[in-house]
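Have a look at this one before I ask anything.
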Amino acid sequence: MGFEKFGHKSYTALTKVAGFVDRLVQGELFATRCSGCGRIYFPPRADCAGCLGSAMQWEKIPEKGKLVSFTRVNYAPAGFEADVPYTLALVDFGEVKVFGRLGSTVAEDEIKVGMELKPLVVTLPDGQLTYEFVLGNHKA
Amino acid sequence: MNKDVAIIGVGQTAFVRSYPGAVREMVFEAFAEAVRDAGITPREIGASLVCSAPEYDKQRSPAGMVAEYLGLNPQPTFVLENICASGTTGVRVAYSLIKAGLHDIVAVIGFQKMSELSSAESQERMGRGADIMWEAPFGTMMPAYYAMHARAHFAKYGTTEEDLALVRVKASRYGALNDRAVFRKEVTKEQCLSAGVVASPLKVYDCCANADGASCLILANAVRAKEISEKPVWILGLGAASASMNLTGRDSLEGLEVTRLAAREAYQMAGLSPRDIDVAEVHDCFTIAELLAYEDLGFAEPGKGTDLLRAGETQIGGRIPVNVDGGLLSKGHPIGATGGSQVRTIVLQLRGEAGPMQVPGAEVGLVQNIGGVGIYSNVIILGR
Ligand SMILES: [Zn+2]
């Protein structure tokens, strides 16, 4: 599937890591790990800046992450007006950090830096695929 | 101490909501002021560097248009772009052209006419100044990124929304004195705290205003500078660095590593330390950015920037006055013109020509100019 399917609004159609979207379809969030030197990358990459190799393997993002920081956005850039308010977040999964949105099931007053979150793949009403971060005990 | 390249002329338009003329005419204003200030003729300028963020420009390759209108043909000209740090990247490149002996005198011209886009369009373009594959699809914009830095600083060091308000209150006090500033009203802490939230914890007054404006700096080698100028201001130190565009590549959000690296290089080149700086212009596109700069530039230990702020040490009369021209917050932030305007402020300070904003006896000044959310950083140390 093409990479234009990723996100609320995609700016990129062609990429060598479009397999990321196929994995979202399966409900899973993946990073890539370099087969040559072992470096792990999120966002996923087709090429390793460490050893200049291009042999990459897909690796699943762990289930447990910690919230590094967040912001609740009340004013959106062009194209996202219908989404406000939404919460952007950076989550640390140990070897990699992941940037995205918090799920609307996480209540505003319980959001705290350091809280435990897990990734959840979601299909948007228009068919676009994305992921968000939800509480560890979230049931789909 | 390095006294090889000096700034001999500075100019800037007033920064305004909407400039009543074309880009070329706006640029002419800043250029004419700088050339007159230097006391040279355009013919003496060996090359022009045009600093602008092209996503705002309708004119493709604006260097050609600018050089023609300013009478700078047939000398070489080109565009430099580092988003908001474009202007000081211009200084860095001009310095190298002069030091390499390719040109004796170089003009660094910065501009942006942001009023041609709506605020949402402009945020969308700025949002695409972050990773378009992996961040922009979530609906990112500059305030949101800096808000995440602020939230991280709050969580680690106990910084509060009141601290951020103090930054804006200070900026507005000096902005009111600056006849080139777009925002000339004083605001109170209460006004700041009760304003609408843009991206939590940042509220309306935590964000700088888009503006139209142009700036121009004339740089010369030591021989020409001494011939031409009675008060040359020397470039004592330069530092520059880059960092991961995507936030996932940053080790921490409580500061900007890119500024720490650029500052270390600039201090080292100048043979100076943070204690030697008498006045500074830092990139306060958002209030939190000024606090981070205190710490990243070594004016305060990590987490202690708020002490400096609360004690009034960054006001005129304090230990290290910062952004006493109103900063980006009150002066306005026409992307490509900003770095040149920051440098102009420090040049006027070191010449003793800053009027009501003058820091008495300032001898060494520092400029910190950031591109994007800590993607690029330039630090420049200037001295008499
Ligand atoms: Zn590798």
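Just so it is clear: chains get the letters A, B, ... in the order the sequence lines come, proteins before strands, and each one is counted from 1. All heavy atoms count here, side chains included; hydrogens, waters and symmetry mates do not.
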- Message: Using only non-hydrogen atoms and a strict under-4.5 angstrom cutoff, which residues of residues 287-307 of chain B touch chain A?
- Response: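 None at all.
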- Query: Do other residues, nucleotides or ligands put more than 12 heavy atoms under 6.0 Å from the CD atom of A/E116?
  - Reply: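 Yes - once you tally the heavy atoms of other residues, nucleotides and ligands closer than 6.0 Å, there are more than 12.
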- Message: Taking every non-hydrogen pair under 4.5 Å, which of A/F20, A/F42, A/Y41 racks up the most with chain B?
- Response: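 When all of A/F20, A/F42, A/Y41 are compared, A/F20 has the most.
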- Task: Tell me, for A/T15 versus chain B, whether the close heavy atoms (under 4.5 Å) come from the side chain, the backbone, both or neither.
- Result: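 A/T15 touches chain B through side-chain heavy atoms alone.
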- Item | chain A contact via B/A155 - side chain, backbone, both or neither, heavy atoms under 4.5 Å |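 Side chain only.
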- Task: Sort B/L247 into side chain, backbone, both or neither according to what part of it lies under 4.5 angstrom from a heavy atom of chain A.
- Result: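 Both backbone and side chain of B/L247 come within 4.5 Å of chain A.
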- Query: Using 30° and 60° as the class limits, which term best fits the ring planes of B/Y145 and A/F99: parallel, tilted or perpendicular?
  - Reply: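 Parallel, since the angle between the ring planes stays under 30°.
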- Item | A/Y75 (side chain) donor-acceptor with B/P143 (main chain) under 3.5 angstrom |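 Checking the backbone N and O of B/P143 against the side chain of A/Y75, no donor-acceptor pair under 3.5 Å is found.
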- Message: Please check: side-chain N/O of A/N74 versus main-chain N/O of B/A199, any donor-acceptor pairing under 3.5 Å?
- Response: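 Looks like no, no N/O pair under 3.5 Å.
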- Task: Identify which part of A/Y86 has an atom lying under 4.5 Å from any heavy atom of chain B, answering side chain, backbone, both or neither.
- Result: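 Looking at A/Y86, just its side chain touches chain B.
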- Message: Please tell me whether B/W134 and A/F3 form a close aromatic pair, meaning their ring centres lie under 6.0 Å apart.
- Response: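 For B/W134 and A/F3, the ring centres are under 6.0 Å apart.
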- Task: List the steps, then state whether side-chain contact (heavy atoms from CB on, under 4.5 Å) holds for B/K156 with A/V113.
- Result: CA-CA 9 Å; B/K156 182 156 183 191; A/V113 167; over 6 Å; no
- Item | Enclosure of B/R264 CZ (heavy-atom neighbours >12, cutoff 6.0 Å) |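 Not buried by this count: 12 neighbours or fewer within 6.0 Å.
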- Message: Are A/L90 and B/M148 packed together at the side-chain level, in the sense that at least one heavy-atom pair is separated by less than 4.5 angstrom?
- Response: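 Yes, side chains in contact.
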- Item | Under 4.5 Å from a heavy atom of chain A, the part of B/S252 involved |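 B/S252 has no heavy atom closer than 4.5 Å to chain A.
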- Query: Highest number of heavy-atom pairs under 4.5 Å with chain B: which of A/A89, A/P43, A/G7?
  - Reply: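 Answer, by heavy-atom pair count under 4.5 Å with chain B: A/P43.
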- Query: Just how far is it from atom CE of B/M141 to atom CZ of A/F80, taken to the nearest 0.5 Å?
  - Reply: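 Answer for the CE-CZ pair, B/M141 versus A/F80, is 11.0 Å.
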- Message: With a 4.5 Å cut-off on side-chain heavy atoms, are B/T140 and A/P77 touching?
- Response: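 Sidechains of B/T140 and A/P77: no contact.
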- Greater than 12 external heavy atoms within 6.0 Å of A/K9's NZ: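 Enclosed.
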Output side-chain donor-acceptor pairs under 3.5 Å for residues 91-98 of chain A, partner residues at least two apart or in another chain, one line each.
| unit_1 | atom_1 | unit_2 | atom_2 | d |
| --- | --- | --- | --- | --- |
| A/D92 | OD1 | A/G94 | N | 2.9 |
| A/E95 | OE1 | A/R33 | NH2 | 2.7 |
| A/E95 | OE2 | A/R33 | NH2 | 3.4 |
| A/K97 | NZ | B/R250 | O | 2.9 |

- Message: I'd like to verify something: which residue of B/A150, B/P201, B/A136 has the highest number of heavy-atom pairs under 4.5 Å with chain A?
- Response: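 The residue among B/A150, B/P201, B/A136 with the greatest pair count is B/A136.
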- Message: Under a 4.5 Å cutoff for heavy-atom pairs, which residue among B/G196, B/A144, B/G249 has the most contacts with chain A?
- Response: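 Maximum pair count with chain A is reached by B/A144.
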- Query: At their closest point, which heavy atom of B/F138 faces which heavy atom of A/T130, and how far apart are they?
  - Reply: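 Taking B/F138 first and A/T130 second, the nearest heavy atoms are CE2-OG1, 3.3 Å.
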- Query: Side chain, backbone, both or neither: which part of A/S69 has a non-hydrogen atom closer than 4.5 Å to chain B?
  - Reply: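 For A/S69, backbone and side chain are both near chain B.
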- Counting only heavy atoms closer than 4.5 Å, note whether A/P44 contacts chain B via side chain, backbone, both or neither.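 Both the backbone and the side chain of A/P44 come within 4.5 Å of chain B.
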- Does a sphere of radius 6.0 Å around CG in B/D251 hold more than 12 heavy atoms from other residues, nucleotides or ligands, not counting ones at 6.0 Å or beyond?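 No, because the 6.0 Å sphere around CG of B/D251 holds 12 heavy atoms or fewer from other groups.
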- Query: Would a distance-only check, ignoring hydrogens and angles, find a side-chain to backbone donor-acceptor pair under 3.5 Å from A/T71 to B/A147?
  - Reply: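 Not a single qualifying donor-acceptor pair exists.
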- For the atom pair CD1 (B/I132) and OG1 (A/T12), what is the distance rounded to the nearest 0.5 Å?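 Interatomic distance, B/I132 CD1 to A/T12 OG1, rounded to 0.5 Å: 4.0 Å.
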- What is the distance from atom OH of A/Y11 to atom CG of B/D131, rounded to the nearest 0.5 Å?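 Rounded to the nearest 0.5 Å, the OH-CG separation comes out at 12.0 Å.
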- Find the distance between CZ (B/R151) and NZ (A/K112) and round it off to the nearest 0.5 Å.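 Interatomic distance, B/R151 CZ to A/K112 NZ, rounded to 0.5 Å: 11.0 Å.
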